[in-house]
Amino acid sequence: MAREESSATPGWRTTGERIDALIAASGSGGAIARERSEELVRLVSDFYGAGLERLLGLVHEQGRLDDDVLAALAADELVAGVLLVHGLHPYGVETRVEQALESVRPYLGSHGGDVELLAVTDEGTVRLRLLGSCDGCPSSSVTLKLAVQGAVEAAAPEITSIEVETPADEDAGAAGPLVPVDSLFARLHAEHGTAGDGASWEVVPELSGLESGAVARVGVGTMQMVACRVGTDLFAFEDRCARCERPFEGATLARRLGGRSGDAILRCAGCRAHYDVRRAGVCLDGDPVHLTPLPLLSDGAAVSVSVPAAVAP
C-alpha cells in the first residue's frame with residue numbers, strides 16, 4: 001500500500017502550482033474575476049479544514065487519537081501538509097523544527113558539521129547554533145542556508161526569522177542572522193580568489209537569466225550541474241540523480257500540495273524520484289539518498305559556482 005501511495009504522489013505534488021496558475025489565468029477576466037476565484041479557493045479550503053478538524057475531534061472522542069496515530073499522521077507528507085495548512089498539525093512548532101533539523105543532519109554530518117536548536121521565541125524567531133565545519137564547502141554559512149533554512153521554513157511556515165550562532169559568536173556573546181550572500185561573495189573574491197580546499201569560483205552566465213520555476217543543465221569545465229530557480233533563490237546540484245544515477249535530462253520543478261509558494265520539488269524524468277531543493281536535495285520518496293549541492297554566490301550581476309580544482313576549466 002505504501003508503494004502505491006508513493007507512485008501516486010506526482011499528481012498532488014503539482015496541485016498547488018496548478019491552483020496558482022488557474023487563479024492567475026482568471027485574472028484575464030479582470031480584478032473581480034480574480035477576487036471571486038481566490039474567494040472560491042478560500043471557501044473550499046475552509047470547508048475542508050473544518051471537516052478535518054471535526055474528524056480529528058471525533059477520533060479523539062472515541063479514544064483512538066493516541067501517540068501512534070498522531071505520529072503516523074505527522075509522518076505522512078501529504079496528510080501533514082494538509083493539516084499544517086489548516087493549523088491542525090499534531091506537533092508544535094519546536095517539535096517540527098527539531099524534526100526538520102534531524103532530516104538534514106545526515107547531509108551536514110557528511111560535511112563534518114551539525115546544527116543545534118537553541119530556542120524558538122514567542123516572536124517566532126528560531127535560534128540555531130552551527131557546530132563543526134563543512135569539510136570541502138567554501139562556506140559553512142552557504143551550506144547552512146541551503147540545507148537548514150529551507151527545511152525549517154517548510155516544517156514551520158509560521159516562523160518569522162532564523163538566527164544562527166557559531167562557536168565564535170558564542171565566545172563573543174553575540175548571535176546574528178545568516179551571512180548575506182553578497183557580502184560573502186565580495187569577501188571571498190577580494191581576500192582569496194578561490195573557494196577553498198583547491199576549489200575555485202567560476203562564473204556561469206546561463207544562471208543569471210534563469211527564470212523562476214525553470215531547470216537548466218549546464219557544463220562548467222568537465223563538471224555537469226543542474227540548476228533551478230525558485231522565486232529569487234537559485235539552487236545547483238551535480239547533474240546526477242541520486243537514485244537512478246542518470247543526468248537530469250527533462251527534469252521538472254513543481255510545488256507540493258499544502259506547501260507554500262516557495263516550496264520546490266525537483267523531479268527526475270527517468271526514475272520519477274522527487275528531491276526537495278530547499279533541503280539540500282533530500283529524496284522525498286523514502287530512499288535514504290540526497291543530491292550533491294553546489295555552493296552558489298551572486299554579486300548582483302553574475303552568478304558563480306564552486307568548482308573543484310580537478311574539474312575546473
Side-chain angles (χ1 to χ4, degrees), residues 104 107-108 111 134 136-151 153-154 162 164 177-242 247-255 261-268 275-282 290-313:
V104 297
Y107 168 73
L108 295 177
H111 290 265
C134 295
C137 288
S139 168
S140 58
S141 293
V142 173
T143 300
L144 180 70
K145 179 178 176 64
L146 182 67
V148 177
Q149 185 174 3
E153 291 176 346
I162 300 176
V164 179
L178 293 169
V179 177
V181 173
D182 289 348
S183 299
L184 180 62
F185 183 93
R187 179 172 59 82
L188 286 170
H189 281 277
E191 297 181 6
H192 305 291
T194 65
D197 199 25
S200 62
W201 290 104
E202 301 295 338
V203 175
V204 187
E206 296 90 336
L207 300 186
S208 297
L210 194 64
E211 297 182 354
S212 179
V215 178
R217 298 174 62 233
V218 182
V220 183
T222 60
M223 180 184 72
Q224 294 294 318
M225 59 180 284
V226 60
C228 53
R229 186 181 293 278
V230 185
T232 59
D233 297 329
L234 190 62
F235 303 89
F237 307 89
E238 290 186 6
D239 187 16
R240 182 180 65 85
C241 174
F248 278 103
E249 185 174 0
T252 56
L253 198 65
R255 171 182 156 195
S261 60
D263 285 350
I265 309 301
L266 184 66
R267 180 190 179 200
C268 174
Y275 300 95
D276 191 331
V277 300
R278 289 192 179 278
R279 293 171 57 193
V282 63
H290 60 77
L291 304 179
T292 302
L294 298 172
L296 294 173
L297 294 175
S298 173
D299 62 358
V303 178
S304 296
V305 61
S306 174
V307 180
V311 298

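Of all the heavy atoms in Cys268 and Phe248, the pair that sits closest is CB-CE2, 3.9 Å. The heavy-atom pair separating Val220 from Glu202 by the smallest distance is CG1-CB, 3.9 Å. Contact detail for Ala242 and Leu291: the closest heavy-atom pair is N-CD2, 3.8 Å.
Tested against Phe237 for a side-chain contact (heavy atoms from CB on, under 4.5 Å), the candidates Thr292, Leu294, Val277 yield a single pass: Val277.
Between Cys228 atom SG and Tyr275 atom OH the span is 13.5 Å, to the nearest 0.5 Å. A distance of 4.5 Å separates CD1 in Ile265 from CG in Asp276, rounded to the nearest 0.5 Å.
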Donor-acceptor contacts, no H, no angles, side chain residues 205-219, under 3.5 Å, sequence neighbours left out:
unit_1, atom_1, unit_2, atom_2, d
Ser212, OG, Gly231, N, 2.8
Arg217, NE, Asp239, OD2, 2.8
Arg217, NH2, Asp239, OD2, 2.9

